[in-house]
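Letters go in sequence order (proteins before strands), and every chain restarts at 1.
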Amino acid sequence: MYFVQMMARDFTDRVLAWYDRSARVLPWRIAPGSAETPDPYRIWLAEVMLQQTTVAAVAGYFARFTERWPTVGDLAAADDADVMAAWAGLGYYARARNLLACARAVVTDHGGRFPDSEAGLRALPGVGDYTAASVAAIAFGRAAVVIDANIERVIARHRLIETSLPAAKREIRAALAPLVSDDRPGDFAQALMDLGATVCTPRSPACGICPVMADCRARGRPDIERLPVKPPKKAKPHRHGIAWWIERDGAIWLIRRPDKGMLGGMRALPGGDWADDPPLESGAAESGIVRVDHGFTHFDLTLTLVRREAPPEAPPESLGAAGEGIWWPIAELDAAGLPTLYRKLTDKMLERDV
DNA sequence: CATACGTGGCA
DNA sequence: TTGCCAAGTAT
């Protein structure tokens, strides 16, 4: 019993000592040992942006958001379209919709302050198990069990957990819970994430410099990269679609996609549904064709742009799937906040036109 | 428990 | 070039 506690403390201390030496410097992070108080708004915003998204991709967005909306109250008061446009290019757009819903819930239901408990945070829109635990630990010093993909990898290897994800999560949590630092839970969580991101990497882990290599059960194994075991991936189907370039007086017609589904709530070019089969010759034969290939998480898409005149008797409004649209000046297209798929298409179209 | 949901970087 | 992967959440 005492031995187990001693080993746990030893693991925790070694991880924290390594973090004190090796912590990454990140815009949303307070350096270990600093006297600064974390701002729950900035911690939460960064955690949401970082969901399934790399540090490099987030940095610029985090800077722009915090500059434009310095507090959760500022964000709650923002226009939906401005926030969606500011999120454009970052992906997983449900996060942006939930971000606004969460900010407004904090203002409306919590007096403008984030709940300081894991359970309170977990009840907010877009805040799942990971984000609730990480904000509780980092912003409020709660000894929450934080588990992200980095920490899963570190623990699965250290304890040689062979169970496949997501079933392995239960064992990982059980192994991690007794190791959590009561004194520095936020630093402990960030330390393990840094360790996973920079030392215990998916491929070619640097076991030689790992602070917990002494008792790592996977250390030295030629198949260490196998852990954590993941389920086999399914093949991605290929789909096709048409988008319309409708131009008038130096502007093009943009619509807003429905909240649910792909690119939900984002501004986009009008067009037809995406189908399993290529579009018919008749549509593709028109002038002004540009084509892009784009890979989504669960399917690949070939999207063909067709120049189209809005017939006088059929107002362009009817061409937008959401029935909602706007004439957007082509010269200001950068500010439209188009997701990458459409951004690729318009970039290519303008390059071609010049 | 499985699936939908973006994007960019790296080997 | 193709596949893998990243501080996950909602349903």
Side-chain angles (χ1 to χ4, degrees), chain A residues 23-24 26-29 42-62 84 87-99 101-102 121-139 144 146-154 164-170 186 188-198 200-205 225-226 228 230-239 257-266 268 274 292-301 337-344:
Chain A
R24 287 180 291 176
L26 302 171
W28 44 87
R29 174 178 287 178
R42 292 169 60 91
I43 302 300
W44 160 77
L45 177 62
E47 291 300 341
V48 173
M49 287 183 167
L50 286 162
Q51 291 166 7
Q52 296 288 287
T53 309
T54 58
V55 165
V58 164
Y61 287 85
F62 181 80
M84 299 310 288
W87 196 276
L90 200 53
Y92 283 151
Y93 298 102
R95 290 185 295 171
R97 301 194 302 275
N98 287 328
L99 192 80
C102 182
L121 291 160
R122 182 66 178 77
L124 294 168
V127 176
D129 290 341
Y130 162 76
T131 304
S134 63
V135 174
I138 298 169
V146 180
I147 304 175
D148 78 320
N150 289 300
I151 298 178
E152 277 177 355
R153 185 168 57 253
V154 171
S164 179
L165 288 171
K169 195 136 182 177
R170 167 185 292 276
F188 180 69
Q190 293 177 93
L192 283 182
M193 289 191 274
D194 274 21
L195 193 59
T198 65
C200 193
T201 48
R203 289 176 298 273
S204 306
E225 298 183 354
R226 211 166 47 75
K230 296 191 174 179
K233 298 215 166 44
K234 293 173 55 181
K236 286 201 289 190
H238 195 119
R239 301 209 262 203
R257 293 178 62 86
D259 277 336
K260 303 229 173 212
M262 291 294 300
L263 312 177
M266 298 301 289
W274 301 339
V292 299
D293 292 302
H294 191 74
F296 289 115
T297 306
H298 54 297
F299 64 92
D300 293 315
L301 177 71
L338 293 176
T340 301
L341 166 67
Y342 293 107
R343 185 60 186 272
K344 280 194 204 170

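Separating the OH atom of A/Y92 from the P atom of C/dA6 is a distance of 12 Å, rounded to the nearest angstrom. When rounded to the nearest whole Å, the span between CZ of A/R257 and C1' of B/dC5 equals 12 Å. One atom, CZ of A/R97, and another, C1' of B/dA4, lie 11 Å apart when rounded to the nearest Å. Rounding to whole angstrom units, CG of residue A/L50 and C1' of B/dT7 are separated by 14 Å. Rounded to an integer number of Å, the gap from A/R95 CZ to C/dG8 P is 10 Å. Rounded to whole Å, the distance from CG on A/L301 to P on B/dG6 is 12 Å.
The main-chain N or O of A/V127 is found under 3.5 Å from a side-chain atom of A/R122 such that the two form a donor-acceptor pair. Side-chain atoms of A/R343 do not come within 3.5 Å of backbone N or O of A/A88 as any donor-acceptor pair. With hydrogens and angles disregarded, no donor-acceptor distance shorter than 3.5 Å links the side chain of A/R29 to the backbone of A/A23.
The side chain of A/N98 lies closest to C/dA10, out of C/dA6, B/dG6, C/dA10. Side chain of A/K233, nearest nucleotide from B/dC5, C/dG8, C/dC4: C/dC4. With C/dA7, B/dG6, C/dA10 as the choices, the nucleotide that has an atom nearest any side-chain atom of A/F296 turns out to be B/dG6. Set against B/dT3, C/dA10, B/dT7, the side chain of A/K234 has B/dT3 as its closest nucleotide. In the set B/dG6, C/dT9, C/dA7, C/dT9 carries the atom at the smallest distance from any side-chain atom of A/Q51.
The aromatic ring centroids of A/F296 and A/H298 lie 6.0 Å or more from each other.
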Check: protein-nucleotides 1-3 of chain C nitrogen or oxygen pairs below 3.5 Å:
none

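Nucleotides B/dG8 and C/dT9 have their P atoms positioned 22 Å apart, rounded to a whole Å. Taking atom C1' in both B/dC5 and C/dC5, the straight-line distance is 16 Å, to the nearest Å. For B/dT3 and C/dA7, the P atoms lie 24 Å apart once the distance is rounded to whole Å.
Taking side-chain N and O atoms only, A/H298 has no distance below 4.0 Å to OP1 or OP2 of B/dA4. Residue A/Y93 has a polar side-chain atom (N or O) positioned under 4.0 Å from OP1 or OP2 of B/dT7. A sub-4.0 Å separation between OP1 or OP2 of C/dT9 and a side-chain N or O of A/T131 is present. Distances shown here put a side-chain N or O of A/H294 below 4.0 Å from the OP1 or OP2 atom of B/dT7. Considering only side-chain N and O atoms, A/T340 lies under 4.0 angstrom from the phosphate OP1 or OP2 of B/dG8. Residue A/R153 places at least one side-chain N or O closer than 4.0 Å to OP1 or OP2 of C/dA6.
Remark on DNA chain B: of its neighbouring residues A/G264 and A/P166, the 5'-side contact belongs to A/P166, judged by nearest-heavy-atom nucleotide. For the pair A/K344 and A/G261, both in contact range of DNA chain B, the more 5′-proximal nearest nucleotide belongs to A/G261. Remark on DNA chain C: of its neighbouring residues A/G126 and A/I138, the 5'-side contact belongs to A/I138, judged by nearest-heavy-atom nucleotide.
Defined by atom type and a distance below 3.5 Å, a donor-acceptor pair is missing between the side-chain atoms of A/Y130 and A/Q51.
One cannot find a donor-acceptor pair under 3.5 Å joining the base of C/dG8 and the side-chain atoms of A/Y130. A donor N or O paired with an acceptor N or O is found under 3.5 Å between the base of C/dA7 and the side-chain atoms of A/R24. Donor-acceptor pairing under 3.5 Å, judged by distance alone, is present between the side chain of A/T297 and the base of B/dG6.
The residue A/M262 sits close only to the backbone: its heavy atoms come under 4.0 Å of sugar-phosphate atoms, none of a base. Contacts of A/W44 with the nucleic acid, taken as non-hydrogen atoms under 4.0 Å apart, are absent. Among the heavy atoms of the strands lying under 4.0 Å from A/L90 is at least one base atom, whether or not backbone atoms are also near.
Around atom CZ of A/R24, more than 12 heavy atoms belonging to other residues, nucleotides or ligands sit under 6.0 Å away.
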When you look at A/D129 and A/K169, which way does the salt bridge (charged side-chain N to carboxylate O under 4.0 Å, His left out) test go after all the steps?
CA-CA 12 Å; A/D129 290 341; A/K169 195 136 182 177; over 6 Å; no
